[in-house]
Engineer: 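Dropping a structure here in structure tokens format, bear with me for questions.
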Amino acid sequence: MRIWAKEFKDNRMLRDMVVEDVSDETRTHKIFHALDEICYEFDLSKPIWLDHTVREFQKHAKARFYQDNFVDSIDFDYLEIHVIEED
């Protein structure tokens, strides 16, 4: 599985990274591990999966985390994760 993470501010991508997970974990565990790695790399607190975030991810394999998803304040508009390749 490969997940692409992008940080946006004012409709411009500030930075991005791709996380690849070839383990035998479940899809959910792979997504959570990728998000942990992304947050570590971007020096962010872990976002909270709100109901609408979960629904968006289930429907489109893409989710956006806005300020409402973070406990700490963020200096960008949103963090987007997108599954670009499944096993």
Side-chain angles (χ1 to χ4, degrees):
M1 171 180 279
R2 290 176 51 205
I3 296 178
W4 187 14
K6 301 170 269 188
E7 202 175 83
F8 286 89
K9 183 174 180 103
D10 299 327
N11 291 325
R12 295 187 187 276
M13 186 168 51
L14 300 177
R15 57 185 167 172
D16 70 323
M17 71 178 286
V18 174
V19 177
E20 188 169 356
D21 190 335
V22 294
S23 69
D24 291 332
E25 294 284 336
T26 64
R27 183 177 192 263
T28 303
H29 284 115
K30 288 180 181 183
I31 291 162
F32 287 150
H33 291 168
L35 191 56
D36 287 348
E37 190 173 329
I38 292 159
C39 290
Y40 179 79
E41 186 69 30
F42 288 175
D43 194 25
L44 301 172
S45 62
K46 292 181 194 172
I48 299 165
W49 287 82
L50 301 175
D51 290 341
H52 70 275
T53 313
V54 172
R55 284 191 303 273
E56 178 185 1
F57 192 79
Q58 289 171 338
K59 190 173 185 180
H60 304 289
K62 182 189 299 187
R64 288 184 177 177
F65 298 97
Y66 296 92
Q67 178 62 66
D68 292 349
N69 298 91
F70 290 92
V71 174
D72 299 333
S73 64
I74 56 175
D75 60 352
F76 52 91
D77 295 333
Y78 61 88
L79 171 69
E80 180 178 280
I81 63 169
H82 183 193
V83 176
I84 55 175
E85 186 179 319
E86 297 257 4
D87 295 334

Engineer: Other residues, nucleotides and ligands only: do more than 12 of their heavy atoms fall within 6.0 Å of NE2 on His29?
Structural biologist: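 No, because the 6.0 Å sphere around NE2 of His29 holds 12 heavy atoms or fewer from other groups.
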
Engineer: Any heavy-atom pair between the side chains of Phe42 and Ile74 that's under 4.5 Å?
Structural biologist: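 No, every pair of side-chain atoms sits at 4.5 Å or beyond.
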
Engineer: Less than 4.5 Å apart, any side-chain heavy atom of Leu79 and any of Phe8?
Structural biologist: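 A side-chain contact is absent here, since even the closest heavy-atom pair is not under 4.5 Å.
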
Engineer: When the ring planes of Tyr78 and Tyr66 are compared, do they come out parallel, tilted or perpendicular, using 30° and 60° as the limits?
Structural biologist: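 Ring orientation, 0 to 90° scale: tilted.
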
Engineer: Tell me whether Arg15 is salt-bridged to Glu41, with the criterion being a basic N under 4.0 Å from an acidic carboxylate O.
Structural biologist: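 Salt bridge absent between Arg15 and Glu41.
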
Engineer: I'd like to check Phe57 versus Val83 (side-chain heavy atoms, cut-off strictly below 4.5 Å). Are they in contact?
Structural biologist: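 Touching, per the 4.5 Å side-chain cut-off.
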
Engineer: Looking at side-chain heavy atoms only, is the closest gap between Phe65 and Thr53 below 4.5 Å?
Structural biologist: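 Yes, close enough: below the 4.5 Å cut-off.
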
Engineer: Could you check whether any side-chain N or O of Asn69 sits under 3.5 Å from a backbone N or O of Pro47, counting only pairs where one atom can act as donor and the other as acceptor?
Structural biologist: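 No; zero donor-acceptor contacts below 3.5 Å.
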
Engineer: With heavy-atom distances below 4.5 Å as the criterion, would you say the side chains of Ile3 and Ile84 are in contact?
Structural biologist: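 No, every pair of side-chain atoms sits at 4.5 Å or beyond.
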
Engineer: Establish whether Met17 and Phe70 are linked, either directly or via other cluster members, by ILVMFWY side-chain heavy-atom contacts under 4.5 Å.
Structural biologist: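 Yes, Met17 and Phe70 fall within the same hydrophobic cluster.
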
Engineer: Nearest 0.5 Å please: distance from the CG atom of Asp43 over to the CD1 atom of Ile38.
Structural biologist: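 It comes to 14.0 Å.
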
Engineer: What distance do Asp16 atom CG and His82 atom NE2 have between them, rounded to the nearest 0.5 Å?
Structural biologist: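 Rounded to the nearest 0.5 Å, the CG-NE2 separation comes out at 13.5 Å.
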
Engineer: Just by modelled atom types, is the Ser23 backbone N or O under 3.5 Å from a matching donor or acceptor in the Asp21 side chain?
Structural biologist: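 Side chain of Asp21 to backbone of Ser23, a donor-acceptor pair under 3.5 Å: yes, one is there.
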
Engineer: Give the cluster check for Val18 versus Phe32: same hydrophobic cluster or not, with ILVMFWY residues linked at side-chain heavy-atom distances below 4.5 Å.
Structural biologist: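 Cluster IDs for Val18 and Phe32 differ.
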
Engineer: Would you indicate whether Lys6, at its atom NZ, is surrounded by more than 12 heavy atoms from other residues, nucleotides or ligands within a distance under 6.0 Å?
Structural biologist: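 Buried by this count: over 12 neighbours within 6.0 Å.
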
Engineer: Check step by step if side chain to side chain contact (heavy atoms under 4.5 Å, CB included) holds for Ile81 and Trp4.
Structural biologist: CA-CA 6 Å; Ile81 63 169; Trp4 187 14; over 6 Å; no

Engineer: Any side-chain to backbone donor/acceptor pair from Glu7 onto Met13? Under 3.5 Å, distance only.
Structural biologist: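 No: the side chain of Glu7 does not pair with the backbone of Met13.
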
Engineer: Identify whether the distance between the nearest side-chain nitrogen and carboxylate oxygen of Asp36 and Lys46 falls below 4.0 Å.
Structural biologist: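 The answer is yes: the pair qualifies as a salt bridge.
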
Engineer: Quick one, Glu56 and Arg64 - any side-chain contact, counting heavy atoms below 4.5 Å?
Structural biologist: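 A side-chain contact under 4.5 Å exists here.
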
Engineer: Please check if the number of heavy atoms outside Trp49 that lie under 6.0 Å from its CH2 is greater than 12.
Structural biologist: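 Counting neighbours around CH2 of Trp49, more than 12 heavy atoms of other residues, nucleotides or ligands fall under 6.0 Å, so yes.
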
Engineer: Would you mind reporting whether Met1 and Glu85 have side-chain heavy atoms less than 4.5 Å apart?
Structural biologist: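 No; the side chains remain at least 4.5 Å from each other.
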
Engineer: Would you please test Phe76 and Leu44 for side chain to side chain contact (heavy atoms under 4.5 Å, CB included) and show each step?
Structural biologist: CA-CA 11 Å; Phe76 52 91; Leu44 301 172; 3.6 Å; yes

Engineer: Would you say Glu86 and Arg27 make side-chain contact, with heavy atoms under 4.5 Å?
Structural biologist: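 A side-chain contact under 4.5 Å exists here.
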
